[in-house]
Amino acid sequence: MKLITTSISAAAAMVMMASSFVQNVHALSLTIRNDIPGNATSPIQYGMMYEDINRCGDSGIYGHMLRNWNFQASDAGEKPTTEFWSAIGDGSSIELDIKNGLNDANTNSLRLDVADSTTRKAGVSNEGWWGLRVQPGEKYQASFFAKSTGYTGPLNVTLETSDGTVVASAATSESLTDEFQKFEVSLESTASDVSIDNLFVVSVDSAEAAGSSIYFQVFSLFGETFEGRENGLRKDLAESMQGLNPSFFRFPGGNNLEGQTIDTRWKWNETIGPLEDRLGRMGDWSYWNTNGQGLLDYMYLVSLQYCLFRSHRKQYKMCEDFKIEPILDVYAGYSLTGVSVPESDLEPYIQEVLNELEYLTGPADSTFGSLRAADGREKPFNINYIEIGNEDWFSDTYEYRYKAFYDAITAAYPKAKIISTADQKSRLWDIFDDHYYANITEMKSLFSKYDNYVRNNTAIFIGEYGTHVNGCCNGSPANLEAGLGDAIFLTGMERNADLVHMIAYAPMFKREGHEQWNPDLIHFDTETVWHTPGYYVLSEWSKNRADTILQVDHTDGEFGPLYWVAGSNKETKQVFIKVANIGDSEQTVSINLKSLAVHTEGIARVITGDSLDLENSKDKINVKPEEYIFNLNSASDFEYTFSAYSATVLVLHIQ
Ligand code: AHR
């Protein structure tokens, strides 16, 4: 944190030095009203929307490092292949063997035909997802099923650089037999640098195994996962999620819930149980989904422990057990090629949802709750929010579909809050899911959309939003302009937090260079992760949460280029003033606090840059929050200069 002692912010000072921006003095006076009751906010206002898009599930947050690990289908969802695997050792070869399957889910295997090699090594190697990250000192857990005709010795498991240097190794304690058995080993990296040009190798002594065949299935390799969870999340990406200070998690889609066809919908029951029993499916975003990360794995996300460290002039630290609400999106009989399940055929699809809910919430001795218990989770989850379908305004069948699902779900779960995704007249809803992919001009008009909206005991869920600057949703960069569009939008939503209970950005992640949708909030590759301006805006807006929205009177000036919201938090005794400035000049604002006295030192958290085109990349973070202490003139009056092109949170401490 930087300390400044004038009433002009350090961010402003920094930008003044760095550019020729014009300073606009006293264009605006704001009076923040603590003398009249303010609207309550939602305790779960900011959260996450998640689906496997942009290669963010397999190859992304799902920590499994190997590609094509169970040979169920090709990457493009066609017939299985040995893609991403190679044979090691001269003369040895690999094949997809369709006669030696492991079980009903995995009906084939990877066969290694061993020849003696000059290196005395024969094996199979996997190249990972665009590389395989090995980090100094990192521990890895590997497993696979294998059997052999003709060889009965152990197997060696190694992580190797592409030139064959071994950077981690272990041998199985058991030997191969002619029946499939599961092998598990732990490895520890001796690498001195982070690298991704590595291979995962399982090998044997080729002199001893020559002439034999070895069959492999269901490989897994995990580095250190978030909170050490088995089959867990890639740690750095999970930490990025945590950095959003989320209160809810909407999953598993999005389009990826719905399937292109009814048959390729996301089927919860194929995503549970041991890895070797799971069935993959062709995802909606043009690549195969393994379902190695399934329903229960998603649910473990809702128990993320979040430690929020906030510091201000007293340098206090607060650690919260952050409870994240699952928002379960259920398949509602519509798939993306425009097909709907006819009304008379809905029953099995409704039953599928009821079974899913029982799996999650039923006692451990119920039919489906017992499956959950067998999967290692005895205690039922709470599901308080259920969303029926996704963007059902695409279809003309939502009336009958919503009604049928609504009736069955509310009969079994009367306390659940039901989210509708489109207008329909057949039944009520508790919450309506509105999605906004919009350009900056549209975001400015959306800012006030809910100001005069009828409050009729229902709430709005912004299940997806994102500003595009170059048309939705292909080549738009996640630049500062997009981030400021998001800031304007979020500010408008927060002003209406009594109505807009939940907000989530979409899509949340992209693997750089392999995306189907732009812009996205969090970018990553095999090696690392980096954040966009919009990420930092959402993170700041989410970390600085008010429990009351304070009325702000603007005595001079109007919205634009500044957009603002103010709120207070009783527990932390803080006032937050969140301001987006989309203009190309600084704006000095006179701020008066009515019936409120604060300490004369405040904190400004500022996201800014000298051009709207600025983007962050793996190599260069151009835009990120900077924190400053600033001085107020008095306990209830001060001026603050908002930098050009900025999103700012002012944090004041109530006396
Ligand atoms: O976020 C990308 C897609 O946008 C979602 O899958 C869908 O719900 C929306 O159309």
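Order of listing sets the numbers, starting from 1, for every ligand and every atom in it. The figures that follow rest on heavy atoms only: side chains count, while hydrogens, waters and symmetry mates do not. Keep in mind that what you see is a predicted model, and the values were worked out from it rather than measured.
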Checklist line | Heavy-atom closest contact (Ile488 atom, Ile582 atom, distance) | finding: CD1-CB, 4.0 Å

In terms of atom number and element, which parts of ligand 1 are under 4.0 angstrom from non-hydrogen atoms of [X]?
| X | result |
| --- | --- |
| Ala506 | 1 (O) |
| Asn390 | 7 (C), 8 (O) |
| Gly254 | 6 (O), 8 (O) |

Margin query: My understanding is that only one of Phe524, Tyr536, Phe509 makes a ring pair (Phe, Tyr, Trp, His ring centres under 6.0 Å) with His531; could you say which?
Written below: Tyr536

Next item on the list: Return a yes/no value for Asn255: is any of its N or O atoms, backbone included, closer than 3.5 angstrom to an N or O of ligand 1?
Entry: yes

Write out the residue and atom name of the closest protein heavy atom to [atom], then the distance separating them to 0.1 Å.
| atom | answer |
| --- | --- |
| atom 4 (O) of ligand 1 | Glu464 OE1, 3.2 Å |
| atom 10 (O) of ligand 1 | Glu391 OE1, 2.6 Å |
| atom 6 (O) of ligand 1 | Glu51 OE2, 2.5 Å |
| atom 1 (O) of ligand 1 | Tyr437 OH, 2.7 Å |

Check: So, does Arg377 use its side chain to make a donor-acceptor pair with the main chain of Arg372 at under 3.5 Å?
Finding: no

Checklist line | Any donor-acceptor N/O pair, Asn256 side chain to Ile53 backbone, under 3.5 Å | finding: no

Note to self: Once you restrict to heavy atoms under 4.0 Å, what part of Phe394 touches ligand 1? Side chain, backbone, both or neither.
What the structure shows: neither

Notebook entry, point to check: So is Gly253 close enough to ligand 1, meaning a heavy atom under 4.0 angstrom away?
Noted result: no

Notebook entry, point to check: Does ligand 1 have an atom that lies less than 4.0 angstrom from a heavy atom of Tyr505?
Noted result: no

Next item on the list: State plainly whether the residues Arg55 and Asp75 are in salt-bridge range, i.e. N to O under 4.0 Å.
Entry: yes

Margin query: Closer than 4.0 angstrom, basic N to acidic O: yes or no for Glu325 and Lys417?
Written below: no

Margin query: Quick check: Tyr505 with Tyr465 (ring centres under 6.0 Å apart)?
Written below: yes

Margin query: Between Asn616 and Lys624, is there a side-chain donor-acceptor contact under 3.5 Å, judged purely by atom types and distance?
Written below: no

